[in-house]
Amino acid sequence: MLATRVPTDLYLRVQQFYARQMQALDDLRFTEYAATFTEDGSFQHAPGVEPARGRAAILGVLEDFNRRFEDDPVQRRHWFNQIVLDEQEDGSLRSTVYTLVVHARPGVRQPEIAPSCVVHDVLEVTDGEVLTRSRLVTYDHLV
Amino acid sequence: MLATRVPTDLYLRVQQFYARQMQALDDLRFTEYAATFTEDGSFQHAPGVEPARGRAAILGVLEDFNRRFEDDPVQRRHWFNQIVLDEQEDGSLRSTVYTLVVHARPGVRQPEIAPSCVVHDVLEVTDGEVLTRSRLVTYDHLV
Amino acid sequence: MLATRVPTDLYLRVQQFYARQMQALDDLRFTEYAATFTEDGSFQHAPGVEPARGRAAILGVLEDFNRRFEDDPVQRRHWFNQIVLDEQEDGSLRSTVYTLVVHARPGVRQPEIAPSCVVHDVLEVTDGEVLTRSRLVTYDHLV
């Protein structure tokens, strides 16, 4: 399995795609985040919950989730590491990525860094544009 | 905005540039760090402070800053993540990068990881060489 | 030193190599991890210990090390950052990489992130395949 490898150009496109996607999420530009999914894309932010399907539903999930921070001013930052891409037979990419979520609060120099997750994506690449077809997030402390 | 994208080769040069620049900083090779800025480059390590302008001034800021560690042996490591590059009209790159600073102290296995910052750079690329024209660091806990 | 730079394609291959290598390690696929070393590769997981030489010995070190987790269910994740590559005269690459080890335990949302290390590798690249010829891990809190 270590021998397979996607073209380097594609690997870089995915890196850039993730950087923009996560900065959109952390800047609360949720419409922009939703638009990084395919039109019928699915987003399951934890195992066991029902996946949101389609951009409108994904947008709804994000808005719901962020209501918990209404009285808790926090700057979240999603960090990614060790991106592994595997090409699938239909031309899509399976992507497996380490994730840590940094939570910084006003006046508190030391951010909370939790939880440790793994993002499991299927990515579509069309005309050089990367989109997320599906995303499942697993949590390392929930096993 | 998610559609714009710099050439992949350029994205990689910036990654390598940052890796060398930060290893120079963390190894206290300050002259080398200062040389990664353009001759008239500016470095503002926090909002509200006066930016240092030019390599000699940048070197001075670093030497001043590191005096605080004279009686506090610490190994700092600057981590970068989610680099977003946007080409500007004059050919320079606007770069927005998540940053965490790791502080390891002798005999203490668990490093302090703080603060969570964002580096806002303007980068110049000439003949394949990357230089920092300006750098502003914002802190997530100071809002 | 900041001027030297390996070809961008090579830099990306190394990134992908590390991502697969570390996911193999963290998924406890030790045979696969050992196979990412050259046949006579050496692995020294801390200064002062005797390096393991050859894939069988490397496999043995990993199995020994992981016995400490037999009664301590933990998901480890090795994070890498700021990869600096320098070409050596014999065509191999010297690689210097920041490392943090994330330890997530069942039911504990906040992972332990320790220690802060630096991985010092010599990498061989043959026909596009990357292998580790030698690895020494230094610890920032042990100086």
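In this text, all values refer to a predicted model and were calculated from it rather than measured experimentally. So that the names make sense, note that chain A is the first sequence line, chain B the second, and so on, each numbered from 1.
- Residues forming a ring pair (Phe, Tyr, Trp, His ring centres under 6.0 Å) with A:Phe37 (at least two apart in sequence, or on another chain): A:Tyr33, A:Phe43.
- Legend: residues meeting side chain to side chain donor-acceptor pair (under 3.5 Å) with A:Ser95, ordered by chain and number and at least two apart, are A:Tyr18.
- Heavy-atom pairs under 4.5 Å with chain C peak, among A:Leu142, A:Ile83, A:Thr96, A:Leu100, at A:Leu100.
- With hydrogens and angles ignored, the 3.5 Å screen pairs no side-chain donor or acceptor of C:Arg94 with any backbone N or O of C:Val84.
- Residues of residues 105-116 of chain A lying under 4.5 angstrom from chain C, judged on non-hydrogen atoms, are A:Glu112, A:Ile113, A:Ala114, A:Pro115, A:Ser116 by number.
- With a 4.5 Å cut-off on side-chain heavy atoms, C:Arg76 and C:Leu28 do not count as touching.
- In this structure, C:Thr126 contributes its side chain and C:Glu129 its backbone to no donor-acceptor pair below 3.5 Å.
- Here the closest heavy-atom approach between residue C:Val143 and residue C:Asp140 is recorded as CG1-O, 3.5 Å.
- Considering only heavy atoms from C-beta on, C:Leu62 stays 4.5 Å or farther from C:Phe65 through its side chain.
- With chain C as partner, the option from A:Val97, A:Leu12, A:Val118, A:Asp9 having the largest number of non-hydrogen pairs under 4.5 angstrom is A:Leu12.
- In this structure, C:Asp27 contributes its side chain and C:Arg29 its backbone to no donor-acceptor pair below 3.5 Å.
- Applying a 4.5 Å heavy-atom cutoff, none of the residues of residues 131-139 of chain A approach chain C.
- A pairwise comparison of heavy atoms in C:Arg77 and C:Asp26 identifies CA-OD2, 3.2 Å as the closest pair.
- In this structure, chain A has heavy atoms under 4.5 Å from both the backbone and the side chain of C:Gln23.
- Contact between C:Gly48 and C:Gln44 at its shortest, heavy atoms only, is N-NE2, 3.6 Å.
- Between A:Gln21 and A:Thr36, the side chains place a donor N or O and an acceptor N or O closer than 3.5 Å (distance only, hydrogens not considered).
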